[in-house]
Amino acid sequence: MKFRPLHDRVLVRRVEADTKTAGGIIIPDSAQEKPSEGEVVAAGNGLKDEDGKPIALDVKKGDRILFGKWSGTEVTVEGEDLIIMKESDILGIVE
């Protein structure tokens, strides 16, 4: 199944968090929080203005982003757990 987000929505793959602290302590899976960093897998064309022209999104496929802890909706596409969210849920692009 292929998936293409509509309008101002983006499809995001979570980036795995480190399993160790800076001091070398290993964090068990049960104690880890879901990461709030991800990679844009696909992006919609953007919303349309009053004249019907699309307003381009600020993010594109391949961008690493930060998003809020409770942002988006989890979906499974081709057996992979992804998140679909609006562009406004994205806090910023990691460069």
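Here, residue 1 is the first one in the sequence, and each next residue gets the next number.
Inter-residue side-chain proximity for Ile84 and Phe3 is flagged as met; some heavy-atom pair is nearer than 4.5 Å. The shortest distance between side-chain heavy atoms of Met85 and Ile90 falls below 4.5 Å. Residues Glu37 and Arg64 form a side-chain contact, since some pair of their non-hydrogen atoms from C-beta on lies under 4.5 Å apart. Here the side chains of Val12 and Ile65 are in contact, with some heavy-atom distance below 4.5 Å. Contact annotation: the side chain of Leu66 approaches that of Val94 to within less than 4.5 Å [non-hydrogen atoms, C-beta and beyond].
Summarising the geometry, atom NZ belonging to Lys86 is positioned 5.0 Å from atom CG belonging to Asp8; distances are rounded to the nearest 0.5 Å. Note that CG of Leu82 is 10.0 Å distant from CD of Glu74, once rounded to the nearest 0.5 Å.
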Pair Val59-Ile93, side chain to side chain contact (heavy atoms under 4.5 Å, CB included): steps then yes or no: CA-CA 8 Å; Val59 296; Ile93 299 173; 3.9 Å; yes
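Without hydrogens or angle criteria, Glu39 side chain to Arg14 main chain gives no donor-acceptor distance under 3.5 Å. Using a distance-only test at 3.5 Å, with no hydrogens or angles considered, a donor-acceptor pair links the side chain of Asp49 to the main chain of Asp51.
One hydrophobic cluster, built from ILVMFWY side chains closer than 4.5 Å, holds both Val41 and Val77.
Residue Leu57 comes nearest to His7 through the heavy atom pair CD1-O, 4.3 Å, listed as atom of the first residue, atom of the second, then distance. Considering every non-hydrogen atom in both Pro5 and Leu11, the closest pair reads CG-N, 4.0 Å. Residues Gly72 and Ile83 approach most closely at CA-CG2, 3.8 Å, considering heavy atoms.
Here Glu80 pairs with Arg13 in a salt bridge; the nearest charged N to carboxylate O distance falls below 4.0 Å. With respect to the salt-bridge test (charged N to carboxylate O, under 4.0 angstrom), the residues Lys60 and Asp63 qualify.
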